[in-house]
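In what follows, chains are A, B, ... by sequence order, proteins preceding strands, each numbered from 1.
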Amino acid sequence: MTGSSRRSRPSSRIRSLLKTPTAIFLLLFSCAAFAAQEAEPAAQEKEFHDPFATEDAQEQPHVSDPLERMNRTFFHFNEKFYHWVLRPVSKGYGTLAPKPVRESLERFFANVKFPIRLVNNVLEGRLKSAGIETTRFVVNTTVGVAGLFDPAARWNLQTQPADFDQTLAIYRVPTGIYLNWPIFGPSSVRGTVGRAGDVALSPTTYLPLRWDLGVQGVEKTNLTSLHSDEYDALEEATLDPYVALRSAYFANRANAAKQ
Amino acid sequence: MKQIATLAALLIAFACVVRADTPLAEVKTTTEKVLLLLKDSKLQGEEKKSERRQLVRAEMEKRFAWEESARACLGRHWIKRTPAEKAEFVKIFSEFLKDTYSDKVATYYGDLDKVDYQGEKIQADYASVKLVLKTKAKIDHPLEYRMEKTSNDWKVYDVVIEGVSMVKNYRDQFDAIIAKSSYDGLIKEIKAKQPNP
């Protein structure tokens, strides 16, 4: 029916159709109908039809990585840095500081970064989220002892993540090429600008440089000590960890902008 | 009149036979079973770890279509392979996925406080089920299961964590590896990852 007639139209027509939401729905629907028709005779032969992946593809930009050689070099540097420095240091630190202490410290750092979430939630027009963040900051800084604890979460006030890269994404700024920075890891041109914006809003930036670097070192070590299992699992589960991380980075950022 | 009544009865009987649970209900059943296993007092402690893991895996195996996942991961390269290559690929890669992801999901479920089932979206024979895993440390992990309808139930072929789809991620890796070396090169790399070659 509609499926077969739509299918026979030239692809340029389909491309222009893609611009309207109804058309996307119709197209998906006709694709599904097409897949169902074809399924009987050649069930094993058809390419796996994945309607939700098609939706993702419309939201996620094509990954552009012209600097792959440089990026891979930095990626390998980061791998070595993780295995030779970050992981051993954070393991040692982990044996000294019990897990609840490290978790408290992670909450403290997150609480300090409140201005990033407040400003970006406002820029994104999410005033309710900005309100929740403000309440969380007041409650957790006082009742939660300088942010070491998170009593606000118990009152169903969850953190409302927002950062400048997300704001730029919502303003439809394209990601630009992929950049894998030493130490900082996966990013893009937009992600780098976003990070600079976040740094400008982070209170620790305004400490004397030596203090700021110290704080960042502690934060990174603390974070690694809590999440090194996840990083190890990533290495185990991937065949090309560089591509896996790049793909995950763009998927995750597209998702953050959608929420 | 009698004929209509018989027809109605037949229709109802038929509807009862073909009625399968909704994708969300299926995910919920499996999740609750896995959570019960992880909390079972008879299965606690380090010495019971392998037994516990075995039971969790068996439960997940009923809900996951690892072969379909493997096929989806190969994406556009699937049609180009011979039947023998397809069979080999599905065999080795579905094993790899099962090994890496069963334990990962079990670990994910390990320190859960509760699970919020957010809803389901069905498109013909495919469905997306969204949940939020709430940890004891009050951190939310959004999780999405993508499922395909089989003859009698719904099975998971993709797991999406914080927007990152397992299938899409492998598909990108495979594309890159095949572009850089070859399909045989990819098979070699997967085999090198197997715990007992």
side-chain contact (heavy atoms from CB on, under 4.5 Å) assessment of Arg195(A) paired with Asp163(A): CA-CA 8 Å; Arg195(A) 199 186 162 91; Asp163(A) 54 66; over 6 Å; no
Parallel, tilted or perpendicular: ring planes of Tyr178(A) versus Tyr242(A), cut at 30 and 60 degrees: perpendicular
Within 45° cone of Tyr183(B) ring axis and under 6.0 Å: Arg81(B) NZ or CZ: yes
Side chain, backbone, both or neither of Ile190(B) within contact of chain A (heavy atoms, under 4.5 Å): both
Heavy-atom proximity to chain A below 4.5 Å, by part of Asp175(B): neither
Backbone N/O of Trp154(B) and side chain of Arg63(B): donor-acceptor pair under 3.5 Å: yes
Chain B contact via Glu68(A) - which portion, at a heavy-atom distance below 4.5 Å: side chain
Residues in side-chain contact (heavy atoms from CB on, under 4.5 Å) contact with Glu219(A), at least two apart in sequence or another chain: Phe109(A), Lys113(A)
Proximity of residues 153-161 of chain A to chain B, residues having a non-hydrogen atom under 4.5 angstrom: Ala153(A), Arg154(A), Gln158(A)
Pair Ser104(A)-Arg107(A), side-chain donor/acceptor within less than 3.5 Å: yes
Donor-acceptor pair, side chain of Asn169(B) and main chain of Ala244(A), under 3.5 angstrom: yes
